[in-house]
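Only a predicted model underlies this, so the values are computations on that prediction, with no experimental measurement involved.
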Amino acid sequence: MRLHRNLVYTTIDSLNAIFNEGEYADKVVARALKKDKRWGSSDRKFVAETIYEIVRWKRLYAEIGEVKEPFDRDNLWRMFAVWAVLRGYPIPDWRQLEGTPERKIKGRFDELSKNRAIKESIPDWMDELGVKELGEKVWAKEIAAQNQQAKVILRTNTLKTTREKLRAILMDLDIETEYLQDQSDALVLKERANVFMTDAFKQGLFEVQDASSQLVAPFLDVKPGMRVVDTCAGAGGKTLHIASLMENKGQLIAMDLYESKLKQLKLRAKRNSAFNIEYRIIDTTKVIKKLHEKADRVLIDAPCSGLGVLKRNPDAKWKLKPEFIDNIRKVQSEVLESYSKIVKPGGKLVYATCSILPSENQEQIERFLTTDIGKQFTFIQDHKILASESGFDGFYMALLERKA
C-alpha cells in the first residue's frame, strides 16, 4: 500500500478545480480518469475515491490540517497528508509531504470529532437546520449515513431485457450483482465497477439509478396506454423508468426548463428504445396551460436542496447556501400549484424530492392541500425514506388523486 506520485498529483489538481474554481466533483473526476490511458482499474479507483473522500471530509481535514479557504496548493497537500495518515498510508519522502505530523493529526482527529458539525464535515448552518427539522437523534444518524459512500445500483431496462438475463450478462463480465428485495428491476453491484464502459450499458440494457429513486415511477401507478406527464424531467432517469412501465404504449410527455437536459434525455431514450416520449421545453406558461386537465398521471420531481443525496454529491455540502433552501421552498410551492392543474379529474399526481427536510416535503403537501387547486385533490399516501434507515438515498414522495 504505497502512494504513487502521478495519481496523487492528479488528485491535488482535481481538488484545486473543485475547491477553488467552483467545478462540480463528478465532472472533475470524469476528466481526471481520462488523464492517463495506462492507468489500470485500481489506479482509477484510487483517484476517484480519494478525490471524493477529501471533498466529503473537507471541513474536518482542513480543521485538522489547520488550513483555511481559499486553499493554495500547500494547503491542499496538507489536507491530502491528513487523509493519508488517517487512512494508514505510509508517508513517502516527497518534498510536499515533508514534516507531516502524524501523531498530531491523529490527536486532532480525536479532539475535533467531539463536535458533530466538524466530525461529519458540514457547515454549522446545515447542522442547525438538520436538528431543527428532524430532531437531534434522527439528524445525527442521518448525516452520518449521508457520509457513507453510495452503492452503485442498476435499474434493468425491461423494454429490452429481464433482471435475470442482465445479471447473467454482467456475471460474464466479472461484474457481480445482488437482487434487491421488493424492487423487481434493481441490481446492486457487489463491488464498484465502471459499468458505463460495458456493451450492456451501450445497448441500453440498464441505467444507473439509486434504489430510492427507482421507487418513484411505480408509486405513480402508471399503466400502458395512459397519458403521463413528467413535468421536471431533467436528464430523465425517472422518465425512462416510466416509459418501461408503460411498455412504450401511450403518451409520455417529458418537460423541462432546460433544452440541454432534454437533449441528454433524447440520447438516453434512443439507447433505451423508449419510443413513446414527447419532449417539451417550458419556455412560456402556455406550455402548461395547453395541458390543463389532460393527463392521467403527473410526476413533479421538484427542484430541492438535495440533502437526501449528499453521499452521492458530497460537494453539494459546500455549494449549498441557506438562502437557496429558502428560495427553493417558494419554487416548490409554485410548481405544485401550477403543474397540478395538468392532472385530469380522477387522475393521480406524485410530488417527489431527494430531500429529507419536512419543510420541503410533507409540509409542502399540507400547504398545497389548503390552496384553491389543492382542495380539488385527496391525499392518498406518502413515503419518507431516510438514508440511515434504508442504506440508500434520502427521498420523499407523496401520492395525490384529483377528485372526479
Cation-pi, Tyr179 ring and Arg167 (6.0 angstrom, 45 degrees) = yes
If you look at every heavy atom in Asn248 and Ser273, which pair is closest and at what distance?
-> ND2-O, 2.9 Å
May I ask you to establish whether Lys384 and Phe395 are in a cation-pi arrangement, using a distance under 6.0 Å from NZ or CZ to the six-membered ring centre and at most 45° from the ring axis?
-> no
Atom NZ of Lys114: over 12 foreign heavy atoms under 6.0 Å = no
For atom CD of Gln149, is the number of surrounding heavy atoms from other residues, nucleotides or ligands below 6.0 Å larger than 12?
-> yes
What's the spacing between Leu76 CG and Ile54 CD1 if we round to 0.5 Å?
-> 8.5 Å
Between Gln148 (side chain) and Ala144 (backbone), is there a donor-acceptor pair under 3.5 Å?
-> yes
Look at Lys104 together with Glu66 and state whether they make a salt bridge at an N to O cut-off of under 4.0 Å.
-> yes
Using atom types as modelled and distance alone, determine if a side-chain donor or acceptor of Gln251 lies under 3.5 Å from a backbone N or O of Asn276.
-> no
Heavy-atom side-chain proximity of Tyr396 to Ile385 below 4.5 angstrom | no
Contact summary for Thr231 and Ile300, nearest pair of heavy atoms | OG1-CA, 3.4 Å
Can you tell me if Asp210 uses its side chain to pair, donor with acceptor, with the backbone of Asp393 under 3.5 Å?
-> yes
Between the side chain of Asn115 and the main-chain N/O of Ala117, is any donor-acceptor distance below 3.5 Å?
-> yes
Assess whether atom CG of Asp283 is packed by more than 12 heavy atoms of other residues, nucleotides or ligands within 6.0 Å.
-> yes
Close side-chain approach of Lys165 to Thr162, heavy-atom, < 4.5 Å | yes
Contact check, side chains of Phe206 and Leu187, non-hydrogen atoms, under 4.5 Å | no
Worked verdict on Asp230 versus Thr239 for side-chain hydrogen bond (donor to acceptor under 3.5 Å, both in side chains) = CA-CA 7 Å; Asp230 184 350; Thr239 319; 2.7 Å; yes
Are the ring centres of Phe377 and Phe368 closer than 6.0 Å?
-> yes
In this structure, which one of Glu142, Lys311, Lys317 forms a side-chain hydrogen bond (donor to acceptor under 3.5 Å, both in side chains) with Asn147?
-> Lys317
Presence of salt bridge, Lys141 and Glu389, under 4.0 angstrom | no
Partner set under salt bridge (Lys or Arg N to Asp or Glu O under 4.0 Å) for Asp256, not counting sequence neighbours = none
The complete set of ring-ring contact (aromatic ring centres under 6.0 Å, His included) pairs with one or both residues in residues 215-273, sequence neighbours excluded, reads none
Leu310 and Arg56 have their tightest heavy-atom pair at O-NH2, 4.5 Å
Heavy-atom neighbours of Glu21 CD exceed 12 at 6.0 Å = yes
Heavy-atom closest pair (Ala233 atom, Leu262 atom, distance to 0.1 Å) is CB-CD2, 4.4 Å
May I ask you to decide if Ile51's main-chain N or O and Thr11's side chain share a donor-acceptor pair within less than 3.5 Å?
-> no
Heavy-atom side-chain contact between Lys238 and Leu220 under 4.5 Å = no
Looking only at heavy atoms, the pair that brings Val47 and Ala32 closest together is CG1-CB, 4.0 Å
Smallest heavy-atom separation, Ile143 atom then Arg116 atom, equals CG2-CD, 4.4 Å
Exam field: side chain Arg402 to backbone Val343, donor-acceptor pair closer than 3.5 Å = yes
Are Glu23 and Arg31 ion-paired here, with the side-chain N under 4.0 Å from a carboxylate O?
-> yes
What residue among Leu349, Ile373, Thr371 forms side chain to side chain contact (heavy atoms under 4.5 Å, CB included) with Leu336?
-> Leu349
Is the Tyr89-Trp83 ring centre distance short of 6.0 angstrom?
-> yes
Determine whether Tyr351 and Val335 make a side-chain contact, defined as any pair of heavy atoms from C-beta on separated by less than 4.5 Å.
-> no
Compare all side-chain heavy atoms of Trp318 with those of Arg59 and state whether any distance is below 4.5 angstrom.
-> yes
Are side-chain N/O atoms of Arg329 and Ser359 paired as donor and acceptor at under 3.5 Å?
-> yes
Walk me through it: do Glu293 and Ile342 pass the test side chain to side chain contact (heavy atoms under 4.5 Å, CB included)?
-> CA-CA 5 Å; Glu293 300 194 7; Ile342 297 172; over 6 Å; no
Basic-acidic side-chain contact under 4.0 Å: Lys321, Glu323 | no
Is the backbone N or O of Arg268 less than 3.5 Å from a side-chain atom of Asn272, with the two atoms forming a donor-acceptor pair by type?
-> yes
Output for pair (Tyr61 OH, Leu86 CG), nearest 0.5 Å, gives 5.5 Å
Give the C-alpha distance, both sets of side-chain angles, the deciding distance and a yes or no for side chain to side chain contact (heavy atoms under 4.5 Å, CB included) between Asp221 and Lys348.
-> CA-CA 8 Å; Asp221 185 29; Lys348 290 177 182 174; 2.9 Å; yes
Do other residues, nucleotides or ligands put more than 12 heavy atoms under 6.0 Å from Lys403 NZ?
-> yes
Cation-pi check, Lys319 to Tyr24: give yes when NZ or CZ is under 6.0 Å from the six-membered ring centre and within 45° of the ring axis, no otherwise.
-> yes
Kindly determine whether Leu170 and Leu154 satisfy side chain to side chain contact (heavy atoms under 4.5 Å, CB included), including the steps that lead there.
-> CA-CA 11 Å; Leu170 294 170; Leu154 312 182; 3.5 Å; yes
For the atom pair CZ (Arg367) and CD (Gln362), what is the distance rounded to the nearest 0.5 Å?
-> 14.0 Å
Has the side chain of Thr100 got a donor or acceptor atom that lies under 3.5 Å from a matching backbone atom of Glu102?
-> no
For Gln332 and Gln364, what are the C-alpha separation, side-chain angles and deciding distance, and is it a side-chain hydrogen bond (donor to acceptor under 3.5 Å, both in side chains)?
-> CA-CA 8 Å; Gln332 289 163 349; Gln364 285 288 10; 3.0 Å; yes
Evaluate whether atom NZ of Lys58 has more than 12 neighbouring non-hydrogen atoms of other residues, nucleotides or ligands under 6.0 angstrom away.
-> yes
Report yes or no: does Gln146 contribute a side-chain atom to a donor-acceptor pair with the main-chain N or O of Ala387 at less than 3.5 Å?
-> no
Using the six-membered ring wherever Trp is involved, compare the ring planes of Tyr9 and Trp77 and label them parallel, tilted or perpendicular (cut-offs 30° and 60°).
-> perpendicular
Heavy-atom side-chain proximity of Val228 to Asp296 below 4.5 angstrom = no
Does CZ belonging to Arg87 count more than 12 external heavy atoms closer than 6.0 Å?
-> yes
For the pair Leu252 and Glu278, evaluate side chain to side chain contact (heavy atoms under 4.5 Å, CB included) and give the outcome as yes or no after the intermediate values.
-> CA-CA 6 Å; Leu252 173 52; Glu278 282 181 33; over 6 Å; no
Looking at side-chain heavy atoms only, is the closest gap between Glu63 and Phe109 below 4.5 Å?
-> no
Measure from the side-chain N and O atoms of Arg78 to the backbone N and O of Gly65, and report whether any donor-acceptor pair falls under 3.5 Å.
-> yes
